[in-house]
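Letters A, B, ... mirror the listed sequences (proteins, then strands); counts begin at 1.
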Amino acid sequence: MAELPCDADGMCMVCKIVPEDTQVVLCNSCASPWHMACLHPPMVEVPAGDWSCPDCEPSSAAPAAVPVSCINHMDDKNNILSQIRAVQADGSLTEQEKAQRCQSIMNRAGTKLDNDIEGKKKQKMLEIFDENLNCIFCMQLADRPVTTPCGHNFCLRCFQRWVSQGKKNCGKCRAPIPSRMASQPRINSALVVAIRMAKSSTMVPSNGPVKPYVYIQNQDRPDKCFTTERAKKSGKANAASGKIFVTVPPDHFGPITAENDPIRGQGVLVGETWEDRMECRQWGAHLPHVAGIAGQSDYGAQSVALSGGYEDDEDHGEWFLYTGSGGRDLSGNKRTNDKQSFDQKFDKSNLALKVSCKKGYPVRVVRSHKEKRSSYAPETGVRYDGVYRIEKCWRKPGIQGFKVCRYLFVRCDNEPAPWTSDQVGDRPRPLPEISELKDAIDLTERKVQPAWDWKEEEGVWGWVTSPPISRKIDENGSGHKCGSRKSLTIGQRLLKEFGCGLCKKVLSLPLSTPCGHNFCKPCLESTFSGQKDIRERVGVGGRSLRTQKVVKRCPTCQGDITELLLNPQVNRQMEDVIQSLKQRADDNSDEEKENGEEAEMREAIVVDEKAEDVGDESPRENSNRDSKPVQDSNPLEQRNGDTKLKMDSLKEEQFSKICARYPDFSEDLLRSMIVDQDGDLEELEGMLKVLQKEENKRRRKTSQVSKKCNESNGGILVVEEGEGIAPKKQKNQDE
DNA sequence: GGGCCCGCAGGG
DNA sequence: CCCTGCGGGCCC
């Protein structure tokens, strides 16, 4: 059992309680506080003379000899370490990217190690980490690690103690510590991942797979927020939210679990990070895209965002003091204003928070990179940090002199926080001392048992009284009103979410464009193959339209995808998601067949509006139970098997007309496409229009290129306006 | 980096 | 239907 001191908040890192002063002994060498009862052996009385902690004076038995078996692994070890160092040193990467890369390095190491026997594995992991990712001061795996530019790691607490002594240089190499880092150290999330991985290989029982620490990259998402016609002029600044991917109602309290995540089936995990508030919203963690508080004054608050919008906020990770909203002059069409101009009151969102406080509801918390003063904020993006309870709320004069509403949030989540290398989530902890409470007015504390509480017998946090009943459940019974996808089968969803923008089939070798569209690699490449480079005039500084640049444009939105085509990297994560959905679709359809419930299942399929239009003619209505379920819930399956679709005479007639309108495509091809489209002729025609346009374009280009080449202008094609490629900016057209 | 401006979403 | 809001892009 590891021996650990008390943390910055005075909490013993072994038993997680804050011992009384009389139960704490200070190390004479490093001045760190230790809980006497958790020492080995437990200390009963404070020693009369000097006492050095286990870190400063390890017992003589401590340094274990490195087993011979491990020496063989030295190369691996150096390799892993150098890879991690390289990742950490790469300034071009965001923190999430660093974390992700570290994790994959560790995963590879882990996989390799899986072949080893358990003992060797443990030893190796320990060996790799004990000397290299340790805090320079306390020599333990760094707790809430911060990393100096010189590459040395410290516990946040040790680092803060060091700089508070006026030290301005690294404790290891004496390199100067930048003043910004000294005053605002940020936790190194990549290192947290690495440390957690290291710990898990030594501390987690061998049969328990380590839950991966997931970061989601923007491009891995199927859908994005969109820009309405009206809002186009400043891009995402005025974007409308994209689809909500989770099926919880908007007034759902508490974590978002796997059942409500039909896309990934994993729920929203602590540490998940999104590019911005819009994306955070799409995964349901915090719905308002400007406001910091999500809630209703007569019901409770579901979530808050810590984004540095109010200077009174105070962040200690596991607990923080939050400031209410309002008190600001927003005249002049402003959305925020850092100047307070009147007192805040417990009304609206502030009252909603107070309700959550009184009831003890779990409140989801996201932290944004825009919070600059907190060590716990992510370096980039918006991160979900789990649920907290509001233990008290009150008012006090804020920094700017006007009264502000104040809330004490204390973490109570079953998942460990993103900044801790702990393996487990929170345990009930005593409330921190809040000095400002002595000046508080309108203090409210919870009188009843909290609705979300620690369940001793199960050892988890959960609802001990029934959670509030959602007032916003839609007609379908559950789910967010924007997220009606629960009614689609997996196969339908696959096509809808992961359909190629060109062939309209489920993506294979998906390429994701920066503009958020996805195409099969072969489809996209063939679109541009045989084309000569297209050069476009690029406006620089408004008037000078002289610069020419080779540009390739997204077939869906005309966004610039030149870079992607130069280096077409298949989106492996998306591929994985598709594979797992396919697997699930297959499993489901097997199950359905076994149960002989195809007909019932078909009845239950709620189709989207377009499919509905086809109505009774839909082959879905095929009632022949003995025949192969032609139009089952899984269109994918159909593609590999029977590609013919039974259509009634009316539909067959319409289909023939379509075939006649598009002579460039064979009837066989169209028949297989209609299967993919669930028998929806409108969808088919829509698709054909796109394909035909592409085909026409391709032909035009080919003929032009050959013409122009003959005129020997170097094969450069100048795109004329109105040829299907939109000018980059409307503005430049005005001239 | 700061000011400005805007659409959108949701509460009431 | 009005008010509010811990965004986000652009311009300077």
Side-chain angles (χ1 to χ4, degrees), chain A residues 180 218 224-244 249-252 274-282 284-315 320-342 344-345 347-353 355 363-374 377-378 380-383 385 398-400 404-407 409 471-472 480-482 539 541-542 728-731:
Chain A
R180 166 119 190 264
N218 186 35
K224 298 192 69 116
C225 52
F226 58 95
T227 310
T228 61
E229 275 309 308
R230 189 173 170 214
K232 267 202 176 129
K233 51 180 162 178
S234 51
K236 216 174 179 182
N238 288 333
S241 153
K243 286 168 192 156
I244 307 289
D251 56 356
H252 166 83
W274 303 279
E275 193 181 304
D276 54 32
R277 288 281 293 267
M278 281 295 189
E279 288 210 337
C280 168
R281 168 188 162 74
Q282 291 190 271
H286 182 70
L287 291 170
H289 64 264
V290 177
I293 303 166
Q296 305 77 37
S297 58
D298 58 345
Y299 189 66
Q302 292 83 24
S303 57
V304 297
L306 283 151
S307 309
Y310 286 81
E311 57 185 321
D312 289 282
D313 288 359
E314 200 184 291
D315 194 358
F320 61 87
L321 295 176
Y322 195 71
T323 310
S325 67
R328 294 167 162 182
D329 174 19
L330 298 181
S331 63
N333 211 4
K334 286 190 278 289
R335 301 294 173 267
T336 57
N337 181 348
D338 42 22
K339 297 278 172 295
Q340 290 281 134
S341 48
F342 51 97
Q344 290 184 354
K345 285 190 298 198
D347 61 359
K348 300 176 189 167
S349 306
N350 295 347
L351 186 52
L353 284 174
V355 172
V363 181
R364 291 184 301 275
V365 170
V366 298
R367 283 183 173 81
S368 158
H369 71 103
K370 293 175 99 177
E371 170 57 89
K372 296 297 180 202
R373 298 161 307 146
S374 163
T380 55
V382 180
R383 186 187 63 208
D385 285 347
I399 293 172
Q400 298 186 20
V404 290
C405 297
R406 301 284 280 168
Y407 303 87
F409 279 72
R471 305 186 301 184
K472 300 188 179 186
H480 192 279
K481 61 181 171 187
C482 310
K728 200 173 179 188
K729 284 227 166 174
Q730 209 69 26
K731 247 193 233 170

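- Spacing between atom CG of A:N350 and atom P of B:dG12 amounts to 11 Å, rounded to whole angstrom units.
- Residues A:Q296 and A:A237 both approach DNA chain B. Their nearest nucleotides, taken by heavy-atom distance, put A:A237 toward the 5′ side.
- Classification of A:E371 and A:R373 as a salt-bridged pair holds, one side-chain N sitting under 4.0 Å from a carboxylate O.
- Which of B:dC8, C:dC6, C:dG9 sits closest to the side chain of A:A240 comes down to B:dC8.
- Residue A:R230 contributes atom CZ, which lies 10 Å from atom P of B:dC6 at whole-angstrom precision.
- The residue among A:A291 and A:M278 whose nearest nucleotide of DNA chain C is located toward the 5' end is A:A291.
- Sorted by first and then second residue, the salt bridge (charged side-chain N to carboxylate O under 4.0 Å, His left out) pairs involving residues 287-303 of chain A (not counting sequence neighbours) are A:D298-A:R471.
- Residue contacts shown for A:D313 include a base, since a base heavy atom lies under 4.0 Å away.
- Looking at the side chain of A:K236, the nearest of the listed nucleotides C:dG7, C:dT4, C:dG9 is C:dG9.
- For the pair A:N337 CG and B:dC6 P, the computed distance is 17 Å after rounding to whole Å.
- Per the geometry, CG belonging to A:D315 stands 17 Å off P belonging to C:dC6, to the nearest Å.
- In this structure, A:G332 reaches neither bases nor backbone, as no heavy-atom distance under 4.0 Å exists between it and the strands shown.
- As a whole-Å value, the separation of A:R281 CZ from C:dC6 P is 15 Å.
- In this model, the phosphate group of B:dG12 is approached by a side-chain N or O of A:S297 to a distance below 4.0 Å at OP1 or OP2.
- Looking at which nucleotide of DNA chain B each of A:N333 and A:S241 is closest to, the 5′-most match is held by A:N333.
- Not one side-chain nitrogen or oxygen of A:R277 sits closer than 4.0 Å to the OP1 or OP2 atom of B:dC8.
- Not a single ring pair (Phe, Tyr, Trp, His ring centres under 6.0 Å) links A:Y310 to another residue, sequence neighbours left out.
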Pairing string of DNA chain B (Watson-Crick or G-U wobble, both atom distances under 3.5 Å; | = paired to other strand) is ||||||.|||||
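- For the pair A:L287 and A:R281, the tightest heavy-atom approach, listed with the atom from each and the gap, is O-NH1, 2.9 Å.
- Applying the side chain to side chain contact (heavy atoms under 4.5 Å, CB included) criterion to A:A237, with sequence neighbours excluded, gives A:S234.
- If you check every strand for non-hydrogen atoms under 4.0 Å, A:F226 touches nothing.
- Proximity of A:S325 to the phosphate of C:dT4: no side-chain N or O atom is located under 4.0 Å from OP1 or OP2.
- For A:D347, the side chain to side chain donor-acceptor pair (under 3.5 Å) criterion is met by no residue, not counting sequence neighbours.
- With B:dG12, C:dG9, B:dC6 as the candidates, the nucleotide lying closest to the side chain of A:N238 is B:dC6.
- Remark: A:K472 is in phosphate contact with B:dG11, judged by side-chain N or O atoms under 4.0 Å from OP1 or OP2.
- Residues satisfying the side chain to side chain contact (heavy atoms under 4.5 Å, CB included) test with A:D312, not counting sequence neighbours, are A:T323, A:K396, A:I399, A:V404, A:R406.
- Considering A:Q302, A:K472, A:R364 as possible partners of A:H252, the one that fulfils the side-chain contact (heavy atoms from CB on, under 4.5 Å) test is A:R364.
- Rounding to whole angstrom units, CD1 of residue A:I293 and P of C:dG5 are separated by 9 Å.
- Between A:R367 and the phosphate of C:dC6, there is no side-chain N or O to OP1/OP2 separation shorter than 4.0 Å.
- Contact annotation for A:T323: base contact, defined as any heavy-atom pair under 4.0 Å involving a base atom.
- By the 30° and 60° cut-offs, the orientation of the rings of A:Y407 relative to A:Y322 is tilted.
- Among the heavy atoms of the strands lying under 4.0 Å from A:L306 is at least one base atom, whether or not backbone atoms are also near.
- Distance, A:L287 CG to B:dC8 P: 18 Å, rounded to whole Å.
- The side chain of A:L330 lies closest to C:dG5, out of B:dC8, B:dG12, C:dG5.
- As a whole-Å value, the separation of A:K348 NZ from B:dG12 P is 9 Å.
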